[in-house]
Amino acid sequence: SSERILDSRLRERVVSAAEAADLIQPGETVAMSGFTGSGYPKQVPLALAERIDRYHQAGQPFQIRLLTGASTAPELDGVLAKVDGIALRLPFQADPDARKRINDGRLEYMDTHLSHVAQHTWFGFYGDIDTAVIEVSSIRADGSLVPATSVGNNKTWLDLARKVIIEVNEWQPRDVEGMHDVYYGTALPPHRKPIPLVNPNDRIGETALRCDPDKIVAVVRTDAADRNSPFNPPDAASEQIAAYLIEFLQREVSRGRLPAQLLPLQSGVGNIPNAVLAGLAASGFRDLTAYTEVIQDGMLDLLRDGTLKHASCTGFALSPEANEEFKRNLDFYRSRIVMRTQEISNHPEIIRRLGCICMNGMIEADLYGNVNSTHVMGSRIQNGIGGSGDFARNGYLSIFLSPSTAKQGSISALVPMVSHVDHTEHDVSIIVTEQGLADLRGLSPKQRARLLIERCTHPDYRDLLADYYDRALHHSYGRHTPHLLAEALSWHQRWLDTGSMQPGG
Ligand code: 0RQ
């Protein structure tokens, strides 16, 4: 049958989104599903935003603390931010309305490593979870919940929430059942055991989420698409960055430092990672694997053409066309993709064991290889650290990718000192821009600085950075990691004052 709610007890709890939202009270901590635009609830957040707005119109306060897996969509973060309904938000977000309020100082945002969220909730760091709102693809007869296109923190939310609202989304492919692997072996210190995962495609858990049916206070039927943003074709800079990186990986293979199938790939989302994935296919790599957070279009292409053997993730970020293709060929993908909870997809123990090759974007890097992934001019949040820290610290290779300039060349991505640090020099092994690749492994700070100036810095900024470095070498308080403190952030200040990091620009 086409019925998605097979548990008759839960079928009796079907209500409208507005009725479900009425069960959420002012001041609650609400944990919702969703990871990079997949598997987030589509209707209850909107109904909640309307409820909050009615309160505000009547002069009554109403805000919630909002926890998710990662970024969601306008129907969740957007609508709640617009009515000023969020007091505090964590972790990763990428919504323009939420970002604006965060940077205006009206919305508190805690940027947490994605692997930390579940355990920190268990530790009680974020207080009690009042309500969980979770999208699923179906409910089995025994009441267990088949996740949709992301798993994220859903296991933890269902375990810890006092009350649960479920959205059953008929748009989600029902046949996604069997693709998930929900691990129930996590415990709290001092009772933790090794996680028995040694290959990216190992299955160590269950195909559905458990939930005490007595906690489920409402079930809402929906039929709405995931965010599904279209992809732009890779631009010239992205293709150049990809070419440098692939050439490097081929060299590592020929030197015997990496196997021909490489090591499990982790890839961030966006233009550059997509170009890298396309480049891998074109360069004849075969039987690769991926242990990553998010699967985007490029990875589906690689699975289809055999470049990639199998992949592990916690969510998807697909274009509408890729999504249609995914649904059509679900049997093929189900045998090659495992979707996990984000505490496992991003687990330091596993990333270290597998030896992931980690490729992420950045805002800026400094002379010594410290990386800023999150803040523009040290104070404006762009998105968040997401999973980049989980992977950069623990992977076999930690690679950061970026164009060498931003904002029409008025900003250099290579600066004397980063204006915010997400990944310290100790967690960064390779930096690639369209200018070139700097392999920082085994180098001291001064050796790193020379290489980053020569290989990665845009010609418009190269002499400027070399000049800073040379003067720092002579006038710095210490000569280990030379800096001129009064000048270290002067490029950023100049941009704020004049609109360009170039003197006289
Ligand atoms: O802003 O849109 O206003 O023009 O930052 O930059 O060049 O479009 O690149 O989309 O790949 O994002 C680091 C943000 C790069 C991303 C970051 C401005 C630029 C533009 C976006 P506009 P691009 P991308 C897996 C791993 C952290 C999380 C992570 C990110 C906007 O990669 O969020 O890695 N990473 N997760 O103009 C001022 C600079 C700038 C700058 C870029 N130096 N100064 N502005 N921008 N560089 C996924 C998950 O964790 C879920």
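This one's a predicted model, so the numbers in the text were calculated from it and none came from an experiment. Counting starts at 1 for both ligands and their atoms, following the listed order.
Put simply, the side chain of E167 gets close to the backbone of K42: a donor and an acceptor are under 3.5 Å apart. Judged purely by atom type and a 3.5 angstrom limit, Y469 has no side-chain atom pairing as donor or acceptor with the backbone of L464. Q250 contributes no side-chain N or O that, together with a main-chain N or O of L245, makes up a donor-acceptor pair within less than 3.5 Å. Panel note: side chain S398, backbone D427; a donor-acceptor pair is recorded below 3.5 Å. Distance alone, capped at 3.5 Å, places no donor-acceptor pair between the R455 side chain and the V432 backbone.
Protein non-hydrogen atoms do reach within 4.0 Å of atom 32 (O) of ligand 1. Within 4.0 Å of atom 9 (O) of ligand 1, not a single protein heavy atom is present. Distance screen at 4.0 Å: atom 22 (P) of ligand 1 has a protein heavy-atom neighbour inside the cut-off. When distances from atom 43 (N) of ligand 1 to the protein are checked, a heavy atom turns up under 4.0 Å. Within a 4.0 Å radius of atom 12 (O) of ligand 1, the protein contributes no heavy atom. Within the 4.0 angstrom cut-off, atom 17 (C) of ligand 1 has no protein heavy-atom neighbours. For atom 4 (O) of ligand 1, the nearest protein heavy atom lies under 4.0 Å away.
For D226 and T149, the side-chain atoms include at least one donor-acceptor pair closer than 3.5 Å. Judged by distance alone, the side chains of R494 and S500 never bring a donor and an acceptor atom under 3.5 Å apart.
Contacts between F391 and ligand 1, counted as non-hydrogen atom pairs separated by less than 4.0 Å, are absent for every part of the residue. With a 4.0 Å heavy-atom cut-off, ligand 1 is reached by the backbone of I385 but not by any atom from C-beta on.
Between atom 39 (C) of ligand 1 and the options N372, I381, I363, the minimum heavy-atom separation is to I363. Taking all heavy atoms of P91, S71, G384 into account, the minimum distance to atom 28 (C) of ligand 1 is reached by G384.
Ranking the protein heavy atoms by distance from atom 1 (O) of ligand 1 puts K407 NZ, 3.5 Å first. For atom 25 (C) of ligand 1, the closest non-hydrogen atom on the protein side is E293 OE1, 3.0 Å. With respect to atom 30 (C) of ligand 1, the closest heavy atom belonging to the protein is N383 ND2, 3.9 Å. Atom 34 (O) of ligand 1 has as its closest protein heavy atom S388 CB, 3.3 Å. Protein heavy atom nearest atom 35 (N) of ligand 1, with residue, atom name and distance: S373 O, 3.9 Å. Distance from atom 45 (N) of ligand 1 to its nearest protein heavy atom, with residue and atom name: V376 CG2, 3.6 Å. With hydrogens left out, the protein atom closest to atom 26 (C) of ligand 1 is N360 OD1, 3.2 Å, a heavy atom. For atom 2 (O) of ligand 1, the nearest non-hydrogen atom of the protein is Q382 NE2, 4.8 Å.
Taking the six-membered ring for Trp and thresholds of 30 and 60 degrees, F123 and H120 have ring planes inclined between 30 and 60 degrees apart.
Shown here for R89 and Q93, the closest heavy-atom pair between the two residues is NH2-CB, 3.9 Å. Between D77 and T72, the closest heavy-atom pair is OD2-OG1, 2.6 Å.
Atoms of ligand 1 found under 4.0 Å from any heavy atom of T36, numbered from 1 in the order shown, are 51 (C). Below 4.0 Å from some heavy atom of I411 lie the following atoms of ligand 1, by number and element: 38 (C), 39 (C), 43 (N), 44 (N). Atoms of ligand 1 found under 4.0 Å from any heavy atom of G268 (numbered from 1 in listed order, with element): 25 (C). In summary, the atoms of ligand 1 found under 4.0 Å from a heavy atom of G386, numbered by their order in the structure, are 50 (O).
Under the side chain to side chain contact (heavy atoms under 4.5 Å, CB included) rule, R340 has a single partner from V151, I350, L197, N346, which is L197. Screening V79, T131, L66, L80 for a side chain to side chain contact (heavy atoms under 4.5 Å, CB included) involving L48 leaves a single residue, L80.
Heavy atoms of I272 come nearer than 4.0 angstrom to ligand 1 in no pair at all. Taking a 4.0 Å cut-off on heavy atoms, A406 registers as neighbouring ligand 1.
Looking at ligand 1, you won't find any N or O of E364 less than 3.5 Å from one of its N or O atoms. Between G387 and ligand 1, an N or O atom pair is found at a separation short of 3.5 Å. The distance criterion of under 3.5 Å between nitrogen or oxygen atoms is not met by Q266 with respect to ligand 1.
Aromatic rings from F326 and F316 are positioned such that their centres are separated by under 6.0 Å. Between H483 and Y368, the ring centre distance stays below 6.0 Å.
Within the 4.5 Å cutoff, no side-chain heavy atoms of V428 are placed close to those of N370. Between W491 and L465 the shortest side-chain heavy-atom distance falls below 4.5 Å.
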